[in-house]
Each structure stands twice: as C-alpha cells, then as structure tokens.
Protein chains: 2
Amino acid sequence: MSASSSKTIGRAVLRPREQVEERIKAAILSGELKSGEMLPPETELARQFNVSRTTLREALRVLTSQRLISKVPGARGGNFVQSVDHESLGAVVIETVGNLLALGSIRFDEVADVRRHLEVPSVRLAARNRTDRDLEELGSIVAHQRRASIDDPDIPDLDRRFHSGIARASGNRVLASFVSALHHATEPVHYLDLSPEVGRETVKQHVRILRAITDQDPDEGEAAIVEHLVYLQKHLAAVV
Amino acid sequence: MSASSSKTIGRAVLRPREQVEERIKAAILSGELKSGEMLPPETELARQFNVSRTTLREALRVLTSQRLISKVPGARGGNFVQSVDHESLGAVVIETVGNLLALGSIRFDEVADVRRHLEVPSVRLAARNRTDRDLEELGSIVAHQRRASIDDPDIPDLDRRFHSGIARASGNRVLASFVSALHHATEPVHYLDLSPEVGRETVKQHVRILRAITDQDPDEGEAAIVEHLVYLQKHLAAVV
DNA sequence: GCACGTTAAATGTTCGACATCTAATGGCCA
DNA sequence: TGGCCATTAGATGTCGAACATTTAACGTGC
C-alpha cells in the first residue's frame, strides 16, 4: 500500500445503550429472536447485559419507536418482537412525509407526483397479477362508491382503499406500501371540491380501471389510470 | 343523529412520556422550535413538564431515533432540533427496507422493480429540469467512471451517485430520496459479475443517458435508461 | 505561543424505590 | 352453579438523587 493510505483499525467506541440496542436488533434480524416471541423481563435482560434497567429501557424504547418490538404493560405483559411486515414501510413513509410536509421541507406536489408515477406500473402489474380475491375486494369497494352520497365521510377512505387495493394486487409489496403511504399523505386535500358531478365521473373512471384489470389488459389499464389521474389533478388545481 | 350513532368524547389517556413527546414534536413541527435551536437542559425541561429526568429522556430518545432532535454530550452540548430535510426520508427508507429484507418480509426483486419503475420518470424529469450545475456534477461522475478500473472499490458508489444525481436533477425531492434509497438498498449484489466488458458497456449507456439529459430530450432519455436497466437486469439474473 | 491540566456544564448511567397496569386467581353471593 | 368482583402477582412506567463521562473553554506554565 502507498504511504499516503493507511489502514483503519479503530472504531468509534459504543456507549452501553448503543451496544444493547445493536445486540437486540441483530438478534431480531437474524431470526435468533422470532416474531411474536417475548423477551426476558427488563430486570433479567439488564442483568444479562450488565447494565442498569434505565439504560436497557432506553435501548428498548428506541427499538420500539423503530417498530422492532412492542411493549405491553401489566401482568403477562413484556417486550415482544414485532412481526415487521411490509406495512411498516408504509407507516414509516407516512410518518416521515408528514413531518417533512409540516416543516415545509418538501412540497405537496412532489409527493403527489411520485404517487402518480407509481400508480401507472401499479395498474399495469395488477392487470397481470390480480387474483380473483383481489377482484372481489376491488369490486366491493367500487360498489360502495356507487352507493355513497356526496357527503359520505367514508369517501376518502374508499378512494384510498381502491388505489391501495390495486397496488396490493400488483403483487409487489414495496410498491403497495409506497402507493398506499403516498396516497394517505396526500389525502387531506383530495376532496375539497367534491361535487356530485366529480363524484359520478370518478366512479365511472374507477369502473373503467377495474374492468381493465379484470380483463388483464395492461395497456387499457394504463390509459384508464392516466385519464383518472389527469382528471383528478385538473379538479384539484382549481382548488389549490 | 340516529340512535345507533354516538358521539365520541373520550380519548385514550396519555402516559407522561407520550405527552412530553407529543408536545415537543408539535413544537418542532409548528416551527415554535426552529431548526438548529437548542432545547433547554434536560433538568430544566423536566422541571417545566413536571416529570422526572428519566421520563423526559425517554421522550427525547424517541424523538432522537425519529431524527427530530440530536443529542450532543459534553460542555456546550445539549438537545438540538434537527433540520429535517428530504434526505431523512431516504435514510428512513433505507433503514426500513434493509430490515424487511433481512427478515424476509419482502423480496429483493420487489425493491429493485420499484426502483426501476421510478428511474424512468426520474430521467424524463431530469431532461426537462436539469440545471447546468446538475450537468457539471453528472459529467464529473461519468468522467470518473471512464477512468475507473474494474477493481476500483469506488465503482458501486459512483453508480449510486450517478443515478441519485439524475433523480436530484429531476427537481422532485421525494423522487430523489426514493431512487437513492432503493438504489442503496439493492446495491450489495449489484456488482457481483463486473467484467471489463460489462464495465465498458455500462459507462457507454451512462454516457447516452447523460447526453439525452443534456439535450433535454425526455424520449431519448427514457429509451436510454430502459436499455440500461434491461441490460443490468440481464447481467444480474445470471448471477442471482 | 503552544501544550496541557483544570474546570464547568451538559448528557450518560446507576441504583433503589414506588406507581400503574392488567391477566389470572379465588372467593362471595344470588 | 354461575357470574361478579376484590385480590394478587408480575410486568412495565415513573421517580429522585447520585455519580460517570464527555467536551469546550479557560488558564497556567514553560
């Protein structure tokens, strides 16, 4: 090796809390601690790590806020390994995007644009991979939307479930989490100008999308979702 | 209102730690506490909330793990409000996707697919919105890639910077964070079969993409990135 | 002028006690 | 017999005070 380069031997020393945190996290990610399993009581765990219960609890608190464990007080309570499924990705994105929007660190349209970009492959993949189970669920949602009146408080939720349901039918769980999360994050202003006219048109477009997915026609699905997104954006732009 | 519906007046009572957490978080998100500002010392804060320092510290620990504040020990240290920029979105996604992959809750190809779907609009937008500053940076990266030999340890990093740089040039910070994060998460296996042949071809494709962005030609950019992604996937499939 | 010990102020950790939560237990009473 | 309810036990939650460690700034001596 040249004289100018030097091997790095050292590492930053870790504080007790960090070491406990890392060890438990590693145990969870490696499968050593299985999902749903209960950790030893805090007193016992603290003894094992040879740290105080206070320090141990700070480590557990971090892992809790990262959704790796959940704390349950009371008898038969304890610290349980969370089953970290793909939905936690959506939850984390919702949380962070919400913070960034509140702080003005990102603009609303940046979030909405990314969602729109993801909806296209979402529909295409759904048209290819949808199961009968998916069709049944989507059909049920659209049926509800037909019946819903303009002032129905469930409307935003139905819309979210429709778009999330498509993403889930795509078979890609990362895609599903992102679409669902971004939809959620952009929801607050989605229905500001919901007129009967817009409501009817929206349902009609949903029907077209669902038919394309049912027919397993990705191109028609893409055309339908693009029409829908353009329509929605136009009727939002008038408000925002 | 009908007899079956009932007003909800109550809310779950919050434990002391949760209340402290919510209050500080609200103060940060509302701008009451500005970015970079230092919070009062823990002893003083605990006095204000009328809780013990232990409880206060657990609240601060959660906020720290959510990147809202940072802790600095020592003289002139303290708890500082973090400037939460869009990069923290990427960091959070990297972390969570990494966990999910380790646990087998999502598959590798699901992550890679979403990244590929995002790279197309990323290049299209970059072709439209790139600044001279962006072109300069991307050009510098490609120049490095030309010079890099096959066993250069910087190659994965250069690739990540190229794709992230394009996403940043798109002008959409959410898109940039996602592309960068997903690229990072899929990096470990990106260069398993890097032959001189593949290296040369990759650089050639990068040049084509960059030229399209320079010429502000979205269609050519899309064609170039699609070619690149297909090529990479083919040379990965042989390995994985 | 620079190296280095000292100081001060903050976070980090420890300890032990008590508070609260909650499922299970077991007894009382209709 | 069966259900209601007080008790209990075992876990997390909170408290308070002391001590450890970290780190920038200060001062002192060479």
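First the proteins, then the strands, lettered A, B, ... as listed; each starts at 1.
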* Structure fact -> On DNA chain C, more 5' by nearest nucleotide between A:V72 and A:S52 is A:S52
* Whole-Å gap separating C1' (C:dT14) and CZ (A:R47) -> 17 Å
* To do: Using atom CG of B:N79 as one end and atom P of C:dA10 as the other, report the distance to the nearest whole Å.
  => 11 Å
* **Protein-nucleotide distance (B:E58, atom CD; C:dT13, atom C1'), rounded to Å** => 14 Å
* Scan B:G77 against the nucleic acid and name what it touches under 4.0 Å (heavy atoms): base, sugar-phosphate only, or nothing. => sugar-phosphate
* Asked: Just to confirm, is there a sub-4.0 Å distance from OP1 or OP2 of C:dG12 to any side-chain nitrogen or oxygen of A:R17?
  -> no
* Separation of C:dT22 P from A:K71 NZ (nearest whole Å) -> 14 Å
* Asked: Starting at the 5' end of DNA chain C, which residue's closest nucleotide do you reach first, B:P40 or A:N50?
  -> B:P40
* Ignoring hydrogens and geometry, is there a side-chain-to-backbone donor-acceptor pair from A:S164 to A:R161 under 3.5 Å? -> no
* To do: Could you tell me whether the phosphate oxygens of C:dC21, OP1 or OP2, come under 4.0 Å of any side-chain nitrogen or oxygen in A:R76?
  => no
* To do: Check whether the side chains of A:S52 and A:T55 place a donor and an acceptor atom closer than 3.5 Å, and report yes or no.
  => yes
* Between A:D134 and A:T131, do the side chains contain an N or O donor and an N or O acceptor separated by less than 3.5 Å? -> yes
* If you pin A:A75 and A:R15 to their nearest nucleotides in DNA chain D, which one's is more 5'? -> A:A75
* Asked: Do the two ring centres, one from A:H163 and one from A:H206, sit under 6.0 Å apart?
  -> yes
* Counting just side-chain N and O atoms, does A:R53 come under 4.0 Å of either OP1 or OP2 of C:dT13? -> no
* Structure fact -> From CG of B:L14 across to P of C:dC21 the rounded distance in Å is 12 Å
* Separation of atom CG in B:L56 from atom P in C:dT11, rounded to whole Å -> 9 Å
* If only side-chain N and O atoms of A:T55 are considered, is one of them under 4.0 Å from the OP1 or OP2 phosphate oxygen of C:dT14? -> yes
* **5' priority, DNA chain D, between A:P73 and B:V51 [closest heavy atom]** => A:P73
* Check ion pair B:K34-B:E37 (N to O, under 4.0 angstrom) -> no
* Compare side-chain N and O positions of B:R57 against OP1 and OP2 of C:dG12 and report whether any pair is under 4.0 Å apart. => yes
